[in-house]
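Below you'll find the structure, written out as structure tokens, and then a few comments.
Residue indices begin at 1 and follow the sequence shown.
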Amino acid sequence: DLDRAQRAVDELLRNDPALLGRRLALLENLTETIANVFARRAGRDEPRSEDRLAASTCMAASEEVGRLWRESPGVDTIEVIQKVFSTLRSF
């Protein structure tokens, strides 16, 4: 099932240095892409610190949504997303 497969992938990522390195590089690339989007939305060609911080926050929220979803099979994905963003707004 999907949940068991995701847990197997998570286990591989934790225990295989090559896969972990590749995943970290991918996450860094995605974070930079999101930072560029925030910069462009603000009329800038290059991201600033606030763009990178917002992008990193997006990535952290995404990781938490994934973790909650994997821990609770059958949970409503929309509810999980709403919970994570509600937590972000509470800061």
Working to the nearest 0.5 Å, report the span between CG of N29 and CD1 of I34.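 Reported value, rounded in 0.5 Å steps: 10.0 Å.
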
Spacing of CG belonging to L30 relative to OG belonging to S56, to within rounding of 0.5 Å: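 These two atoms lie 11.5 Å from each other.
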
If only atom types and distance count, is the side chain of N15 paired as donor or acceptor with the main-chain N or O of E11 below 3.5 Å?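 Flag set: sc N15 to bb E11 pair under 3.5 Å.
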
What pair of heavy atoms forms the shortest contact from [X] to [Y], and how long is it?
X   : Y   : answer
F38 : A55 : CE1-N, 3.7 Å
P47 : R52 : O-NH1, 3.2 Å
D51 : E46 : OD2-O, 4.3 Å

In residues 18-28, what donor-acceptor pairs under 3.5 Å come from side-chain atoms, sequence neighbours left out?
{"unit_1": "R23", "atom_1": "NH2", "unit_2": "E63", "atom_2": "OE1", "d": "3.0"}
{"unit_1": "R23", "atom_1": "NH2", "unit_2": "E63", "atom_2": "OE2", "d": "2.8"}

Donor-acceptor pairs are to be reported for all side-chain atoms of residues 73-91 against protein atoms at under 3.5 Å, with residues two or more places apart or in another chain.
{"unit_1": "D76", "atom_1": "OD1", "unit_2": "I78", "atom_2": "N", "d": "3.0"}
{"unit_1": "T87", "atom_1": "OG1", "unit_2": "K83", "atom_2": "O", "d": "3.0"}
{"unit_1": "S90", "atom_1": "OG", "unit_2": "T87", "atom_2": "O", "d": "2.6"}

R41, CZ atom: more than 12 neighbouring heavy atoms under 6.0 Å: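 Check fails, neighbour count at 12 or below.
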
So that I can tick it off, tell me whether R40 and D45 are bridged by a salt bridge, with the cut-off set at under 4.0 angstrom between side-chain N and carboxylate O.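 No, D45 and R40 are not salt-bridged.
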
